[in-house]
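Ligands are counted one by one from 1 in listed order, and the atoms in each one are counted from 1 as well.
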Amino acid sequence: MQISSKEDYFKAWQEASENPENFWSKVASEYQWKKPWESVQSGNFTDVNIKWFDGATLNITENCLDRHLQERPDKTAVIWEPNGVDEKEITYTYKELHAEVCRFANVLKDQGIRKGDRVVFYMSMVPELLTGVLACARLGAVHSVVFAGFSAQALAGRIKDCEAKMVITCDESYRGAKTTPLKEITDEALKDCGSIEKVLIRVRTGASVPMKEGRDIELLPLLKEASPHCDAVEVAAEDPLFILYTSGSTGTPKGLLHTTGGYMVWAGFTFENVFQMQDDDIYWCTADIGWITGHSYITYGPLLKGATTVMFEGVPTYPEADRFWQVVDKYKVTHFYTAPTAIRALEACDIELVKRHDLSSLKVLGSVGEPINDEAWQWYHKEIGKENCPIVDTWWQTETGGIMISSLAGVTESISTYATYPLPGVIPQLLDSEANVIDDKSGEGNLCISKPWPGMARTIWGNHERYKETYFSAYKGKYFTGDGSKRDESGRYRITGRVDDVINVSGHRIGTAEVEDALNEHHHVIESAVVGFPHDIKGQGIYAYVICNNGKAPTSEEEQENFKKELNAVITKIIGPIAKPDQVQFVSGLPKTRSGKIMRRILRKIAAKDISNLGDISTLLNPEVVEEIKKGAGL
Ligand code: WTA
């Protein structure tokens, strides 16, 4: 169902709100189901037992692949652009992609993977990451992609949590000028993961890596020999499709579980309406399949809609900081979807890097992952879109499965720093500090969603109580997003950022508690507090306040530098390099309330170098420490 005017948008939103059963059964009927549903939606946010299209059966890959074989077998489905400019791209038509996925599914089957088994992918952006997740879906196996920047320990935690049977990795990955030893990291992780039976290795760099007899097998030779035919396994609409781990404000990462039918309908519907593609358009989302954006908007969304999707292995700055623009020019990309952090980083480079490429193919620009500041928005609009391309600022989350609030390209208006309107089916509410719904047209508060939508995560793998507690306990009967938002007179939303203890670093979600736990593993650290602070390129940076054991605090600058290096090493080992603090301040104490709670608000202000309005500190347990921390921060 493609919405093509603003009037249609308002009508669709109204209909989806008032008569969701009708609306979503119309949308869902565009897909192939093996058995029809008995009910469109059941369950609610009080019992937290949401189901969509219950009773129906399907296979999502028939909808991504087989369905297109009649109409567009020779259309390019995927263009894979390698890290290096000298290496040739690989393209797959829908027919070829279908065959590739079937081959991969046959390999998985031969190696013992069956419906319901969990398969972890720890790969860089090689084509087999995309064909591999689809191959799992073809068999009804559950994929869980772990971003290749995570450490062995983080990988092991995820493998154990979902009790995966297989890991698929690369010998090494290429990213810019760097290689990362993925197989070595996997071996380290597998030292204590009993559930893994097989490891498939996709050779990428050709580095020599140890292979464990009976467990490790090279992937490419198996694919070559496998049959390109593989029947799609029939699964229930509510059967699991994938698990994706993400950070929250407390504890260990949560494995959010997405199921099949509702996710499919949501990914397809949002992709179609937000991006408004024409048949011969070329779409490029620069995300990594290790994150939700790569699941919904490199893989499932575009393929469900028969689009051409570009998959990029490299980084925006390699070999030079014009790589994005060079690739747009090379493939005549029409729809370009990236993150504000990348926009800001590229904006800081010489404008000649943009000007040397022809960007006239572009029609629509997208932004995702964090609030986009006005300056970056204007630059993107002017220098990249040449003031001709609507910008879709898409707000959503791993938990939501797909885009929730965004303009529809060329259909509803784009406004700088505003995600604007909720998609049909999304009923946002703003809540004030007393948990009252703000009824006025305009206002500001905590962003909740009041009704189920098809793409929402159904649970946290293995821990439904935690799911209920995390998302549905702050406000009874509502899904709480963890974000704050404003709404203007016209009902358009402007996301202001997280209101919980999650930091958004370059669009990566990092839980402060996780970083603190890791820092505290250092044998000379007693306690730490981690907060976010404004960062020009990353959006937010990580600021860590660290208390050391008696007599172990570094005194000279050199000692401090060495200590910071050790802390970075600990973080890299436990979480991965993405969680390394940008700033470390050694302190003798942390401001605490009388009940022992750390006053993060004060720490956030000091990290932001803003000491106006610190509030009443006299009621703290240790008010004197605030002066010391201010001084230590050079304020
Ligand atoms: C933030 C990424 C403002 C937000 C798809 C959310 C955004 C978190 C936007 C989810 C946006 C994402 N404007 N903030 N357009 N998009 N966010 O799970 O804080 O990696 O809660 O999903 O990113 O991050 P996640």
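- For F147 and Y122, the ring centers sit 6.0 Å or farther from each other.
- Aromatic ring centres of W266 and F271 lie farther apart than the 6.0 Å criterion allows.
- Residue contact check: T394 has heavy atoms under 4.0 Å from atoms 9 (C), 11 (C), 15 (N), 16 (N) of ligand 1.
- Taking the six-membered ring where tryptophan is involved, the planes of F275 and H335 are perpendicular, since the angle between them exceeds 60° and thus also 30°.
- Here F324 and W284 bring their ring centres to under 6.0 angstrom of each other.
- Inclusion of T293 in the set of residues having an N or O under 3.5 Å from an N or O of ligand 1 is not warranted.
- For W291, the heavy-atom gap to ligand 1 stays at 4.0 angstrom or more.
- Polar contact with ligand 1: present for Q397 (N/O pair, distance under 3.5 Å).
- For atom 18 (O) of ligand 1, the nearest protein heavy atom (residue, atom name, distance) is T398 OG1, 2.5 Å.
- Shortest contact from atom 3 (C) of ligand 1 to any protein heavy atom: P371 N, 3.1 Å.
- Annotation for ligand 1: atoms under 4.0 Å from non-hydrogen atoms of I495 are 3 (C), 14 (N).
- Ring to ring, W24 and F269 are close: their centroids are under 6.0 angstrom apart.
- The closest side-chain donor-acceptor pair between Y245 and D161 falls under 3.5 angstrom.
- When atom types are taken as modelled, the side chain of T260 and the backbone of D239 share a donor-acceptor pair closer than 3.5 angstrom.
- Of the candidates G484, S296, G369, the one placing a heavy atom closest to atom 12 (C) of ligand 1 is G369.
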| Verdict with reasoning, Y545 to Q583, per side chain to side chain donor-acceptor pair (under 3.5 Å) | CA-CA 8 Å; Y545 297 91; Q583 299 278 348; over 6 Å; no
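- Within the listing of ligand 1, atoms 6 (C), 19 (O), 21 (O) sit less than 4.0 angstrom from a heavy atom of R498.
- Atoms of ligand 1 lying under 4.0 Å from at least one heavy atom of I292, given by number and element, are 5 (C), 22 (O).
- Heavy-atom proximity to atom 19 (O) of ligand 1, evaluated over N504, D483, V368, is greatest for D483.
- Annotation: atom 24 (O) of ligand 1 to nearest protein heavy atom, R509 CD, 3.2 Å.
- For atom 5 (C) of ligand 1, the closest non-hydrogen atom on the protein side is W396 CE2, 3.5 Å.
- Note: Y467 and W461 fail the aromatic proximity criterion, with ring centroids not under 6.0 Å apart.
- Close contacts of ligand 1 with D393, meaning ligand atoms under 4.0 Å from a residue heavy atom, involve 11 (C), 13 (N), 15 (N).
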